[in-house]
Each structure stands twice: as structure tokens, then as C-alpha cells.
Amino acid sequence: MALLFKDTTYVSETTQFLREFLDKNPEVAKGQAEGRALLWDKQIDHGLQKETDAGRVKQKPYVYQPE
């Protein structure tokens with residue numbers, strides 16, 4: 001008999017360890033959120049992005065070929 005549905009009760013040892021670790025050390029999750037905010041969670045200025053894109057110079061297909 002083939003299984004039709006995935007066993008959702010299984011939790012790997014790694015997942016168990018990480019959950020327990022984060023429960024015991026909540027400051028780690030806070031530090032992760034702060035680190036993410038430094039590099040990734042930024043507001044984009046769409047007007048400035050359009051200006052930057054408009055100022056790009058199209059690259060030639062083969063940049064090393066002499067003109």
C-alpha cells in the first residue's frame with residue numbers, strides 16, 4: 001500500500017536540537033534578527049533605483065574583443 005500523505009509527526013534530531021537550543025537561548029534569535037536587519041531588511045528608494053538603472057551603460061557581448 002502506497003502512502004498518500006507525508007508523515008507530519010516526524011521531527012529530525014537536528015530540528016529538535018535547534019528548537020531546544022532557541023528555547024533555552026532566546027537572545028540568539030534576537031541577535032539573528034538584528035544581524036538580518038543590518039544587511040537585508042532595507043527600504044528601497046524606487047526613484048533612486050530608476051535613476052541608477054537609467055544611467056547604466058550597456059555592456060558589449062564580448063568585453064575583451066578590441067574595437
Side-chain angles (χ1 to χ4, degrees):
M1 179 177 179
L3 293 174
L4 297 176
F5 300 103
K6 186 169 77 171
D7 181 12
T8 57
T9 59
Y10 172 76
V11 178
S12 71
E13 292 179 14
T14 304
T15 300
Q16 289 174 1
F17 169 77
L18 288 172
R19 286 179 181 168
E20 290 174 12
F21 178 79
L22 290 174
D23 285 342
K24 293 177 185 175
N25 303 294
E27 69 278 359
V28 172
K30 182 180 176 192
Q32 286 176 325
E34 290 172 358
R36 177 187 166 124
L38 285 173
L39 298 174
W40 298 103
D41 296 338
K42 304 286 184 185
Q43 294 295 323
I44 297 173
D45 182 351
H46 294 288
L48 181 60
Q49 184 68 40
K50 283 183 181 179
E51 287 180 29
T52 302
D53 291 342
R56 291 189 190 276
V57 176
K58 186 169 175 131
Q59 183 174 345
K60 296 178 181 180
Y62 186 70
V63 295
Y64 300 109
Q65 182 174 350
E67 292 185 49

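Owing to the predicted nature of the structure, the values given are computational and were not obtained by experimental measurement.
Between Asp53 and Lys50 no salt bridge is recorded (no basic side-chain N to carboxylate O distance below 4.0 Å).
Between the side chain of Asn25 and the backbone N or O of Glu27, no donor-acceptor pair lies under 3.5 Å.
Evaluation of the side chain to side chain contact (heavy atoms under 4.5 Å, CB included) rule for Thr8 yields no partner, not counting sequence neighbours.
In this structure, Gln16 places its CD atom where more than 12 heavy-atom neighbours from other residues, nucleotides or ligands lie under 6.0 Å away. Taking a 6.0 Å sphere around CD of Gln59, one finds it holds 12 or fewer heavy atoms contributed by other residues, nucleotides or ligands. Within a 6.0 Å sphere centred on CG of Leu48, other residues, nucleotides and ligands contribute more than 12 heavy atoms.
Using bins of under 30°, 30° to 60° and over 60° for the plane-to-plane angle, the ring pair Tyr62/Tyr64 lands in the perpendicular bin.
Expressed to the nearest 0.5 Å, how far CG of Leu22 lies from CD of Gln32 amounts to 6.5 Å.
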